[in-house]
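Convention: sequence-line order gives letters A, B, ...; per-chain numbering from 1. Note that the coordinates shown come from a computational prediction; the quantities given were computed from them, not determined experimentally.
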There are 2 protein chains.
Amino acid sequence: MTIYDISKKAGVSIATVSRVLNGSDKVRPSTRKKVMDIIEKYDYTPNAYARGMGLQSLRTIGILCADSSDLFLAKAVYYLQQELQASGYESLLCCTGYNPDIKRNYLHLILSKKVDGIILVGSNFIGTSEEENQYIKDVSAQIPIMLLNASFDYPNVYSTLCDDHGTMYEAASAMVTAGIRDILYLYNSRSYSGCKKLSGFRAAMEAGGITDHEKRIFFYDGDPQQLDAVADFVERAAEKISFHGVIASDDSLAIGAVKYAGRAGLKVPEDLSVIGYNNSMLTTCCTPELTSVDNRLETQTHQLVQTLLGVLSGEEMPKQSVFSGKLIKRGTTLF
Amino acid sequence: MTIYDISKKAGVSIATVSRVLNGSDKVRPSTRKKVMDIIEKYDYTPNAYARGMGLQSLRTIGILCADSSDLFLAKAVYYLQQELQASGYESLLCCTGYNPDIKRNYLHLILSKKVDGIILVGSNFIGTSEEENQYIKDVSAQIPIMLLNASFDYPNVYSTLCDDHGTMYEAASAMVTAGIRDILYLYNSRSYSGCKKLSGFRAAMEAGGITDHEKRIFFYDGDPQQLDAVADFVERAAEKISFHGVIASDDSLAIGAVKYAGRAGLKVPEDLSVIGYNNSMLTTCCTPELTSVDNRLETQTHQLVQTLLGVLSGEEMPKQSVFSGKLIKRGTTLF
DNA sequence: ATACAAAATGTAAACGCTTACATATTAGCG
DNA sequence: CGCTAATATGTAAGCGTTTACATTTTGTAT
């Protein structure tokens, strides 16, 4: 069933059918009805690929995210899709996984679909070496690239992010100010934002006059959703060093620390203070509830889409929009 | 940059370029290299829409899911995409939200993209009235429809699901057998599987000789991810009726009950037993850990994709594949 | 009724690929 | 070295839309 079949059955030309389908103003109501009836009768759906051939822009944005079952990324994607839909844009979501080669493949895949722009969700799309980021440069030559939670200075690449360094600095400083000087730092990503958080932590330690913090920085290499495995990891860390506070780069790691405390018979927050990051639903899941950093995801996604729409309509837009996160105090801290 | 430009630069015809792109066997190695060099030099990506026009099948499956930030749905989507990718199929994911009209729009959208099949993830795509499900009948006339966690008997519609009735019956019966006869039942969806779970609960109550269970069945109408709101809801329920056990149709509701217990000073599981459903990461997030029903999601998604592949290659496949869920006993129950 | 402008509709080219079929090249063999 | 068969490459016809431009119809003012 093609537009051609419809046009014959309705006794009009294909151009008229096309106009009806696209809501053109220049169709007589009686003709429109005649065509619509046939379309509905045969449950006709125009072929998106043929449309894609003719049209200049399909008003479509590609969204790439490593793993949509990650709470943070899932929420980000959700907000983005809502925003885009509200602005009349379709979105194409690809969950790429963390393998760099596969990521690159998906980028080409999405590029082949005539998207007007690409949003890379999460800082794991930005590497540390020039070479790793070459593919971003290549693509940005063709269409604008938006980064959520990462930053990369290059023409036609726009960044929206949380000041993870400063925010983590504030969070860690709050703990130091509360008198806790032996803090375990847990992280599981060396991505752009992962590095910023870590540097913020280090800066806070130095500012607090702490000098032996490096030995309490631990990289967790497993699946963060396996909370028991995280707890095991913290337990092993506790065998090596002592600590009275835990700061994690993600809520799930922080929850693992709370679990460890339960096993070890430590009271939270009296014996152990814990701060998470991302302010996900996990924060209210445990007892006591988890103090965490809210990185204003909804504000960020809104800003990102506004910037993108501006860029697409040819306006000059800020290359980087930075927001400050905020420590949400709950039960796992005394301060 | 089109195949035509590439062909000119490489000094061959467009057919040859096309053959190189599609990995055809009938190209001389020297020619292939010549073409590949140009392709890489100009970072050329073929236009997916033009390809879509020519090709019979694009080896693409559409996946529809209401909300990918729901833990259960997100995991299901993740497994499905992995399975499909491993079988050489591309997947097109659409998060539709819960509005029926928008859902229907997305179905047409995805249909327009020449997908070879459609997977509907989650039972909220199946309604209770004939009319609600009409759209499924219409679409199934064109391509096969796979249901995950729902069932609908119609030609070209294939279902893979957990026996929610029986599984919930087992779980509830276990609680009754343990001597708990006043059980609060929490649910938040009247979808296909939501109804099956509820009927399983009722059957277990009746089998246990309990007659006043209807007054302890509560429908929660809010956002299940707002755990505090769920706890509030349970608190209000407790003002109306008494209970020593809670069974929920989803882990997040169960967690809300655990939170309520904490507030009310009730010890879990001594004063209150709690059973969740879906065996999500939330189960290990709280203390004590949540007893929950595992519905074998990975097994289901595997079966679903195998069935789909079978159908697509013209084989006769089972219309319905049912798996039994399994109660995973953790700390919120004594039995 | 007639002429003319405005509105509605139709015609045909273009979009960038795939692929059946035609043609040219190569290799093997006597 | 010429012939044939096999292999590689080229040509051109679709695929199903959109849309500029041409044509027809309608409405309005004379």
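Between B/Tyr49 and C/dA14 there is no side-chain N or O to OP1 or OP2 distance below 4.0 Å. Between D/dG16 and A/Thr2, no contact under 4.0 Å exists linking OP1 or OP2 to a side-chain N or O. Neither OP1 nor OP2 of C/dA12 sits under 4.0 Å from any side-chain N or O of A/Tyr4.
Distance from the side chain of B/Thr16 is smallest for D/dG10 among the nucleotides D/dA8, C/dT18, D/dG10. Taking the side chain of A/Arg51 as heavy atoms from C-beta on, and the options C/dG10, D/dT18, D/dG10, the nearest nucleotide is D/dT18. Taking only side-chain atoms of B/Thr31, from C-beta outward, the nucleotide of D/dT9, C/dA8, C/dG16 with the closest atom is D/dT9. Checking C/dA8, C/dC17, D/dT9 against every side-chain atom of B/Val27, the shortest atom distance belongs to D/dT9. Ranking D/dG16, C/dC17, C/dT26 by closeness to the A/Asn47 side chain, first place goes to D/dG16. With C/dA20, C/dA8, D/dT19 as the choices, the nucleotide that has an atom nearest any side-chain atom of B/Arg19 turns out to be C/dA20. Taking the side chain of B/Leu55 as heavy atoms from C-beta on, and the options C/dG16, D/dA8, C/dT19, the nearest nucleotide is C/dT19.
A straight line from CD of B/Gln56 to C1' of C/dT19 spans 12 Å, rounded to a whole angstrom. Rounded to an integer number of Å, the gap from CD1 of B/Ile3 to C1' of C/dG16 is 8 Å. For the pair B/Ile6 CD1 and C/dG16 C1', the computed distance is 12 Å after rounding to whole Å. Computed from coordinates, the B/Asp5 CG to C/dC17 C1' distance equals 13 Å when rounded to whole Å. The nearest whole Å value for the distance from the CZ atom in B/Arg32 to the P atom in D/dT7 is 16 Å. For the pair A/Lys26 NZ and D/dT23 C1', the interatomic distance rounds to 17 Å; values are reported in whole Å. Taking atom NZ on A/Lys8 and atom P on C/dT9, their separation rounds to 20 Å, with Å as the unit. At whole-Å resolution of the value, CE in A/Met1 and C1' in D/dT17 are 16 Å apart.
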Given A/Leu111 and A/Ile118, is the side chain to side chain contact (heavy atoms under 4.5 Å, CB included) satisfied, shown in steps?
-> CA-CA 8 Å; A/Leu111 211 52; A/Ile118 291 186; 4.1 Å; yes

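Among the heavy atoms of the strands lying under 4.0 Å from A/Ser18 is at least one base atom, whether or not backbone atoms are also near. Base contact: A/Ile14 has a heavy atom under 4.0 Å from a base atom.
For the pair B/Gln134/B/Asp138, a side-chain contact is recorded, criterion being any heavy-atom separation below 4.5 Å from C-beta on. Two residues are said to be in side-chain contact when any heavy atoms from C-beta on lie closer than 4.5 Å; B/Asn149 and B/Tyr192 fail this criterion. Side-chain contact check for A/Glu298 versus A/Lys75: every heavy-atom pair is 4.5 Å or farther apart.
Residues B/Lys33 and B/Asp37 are paired through a salt bridge, judged by an N-O separation under 4.0 Å between the basic side chain and the carboxylate.
Between A/Pro29 and A/Ala15, the residue anchored nearer the 5' end of DNA chain C, judged by the nucleotide with its closest heavy atom, is A/Pro29.
A side-chain donor from one of A/Gln303 and A/Thr307 sits under 3.5 Å from a side-chain acceptor of the other.
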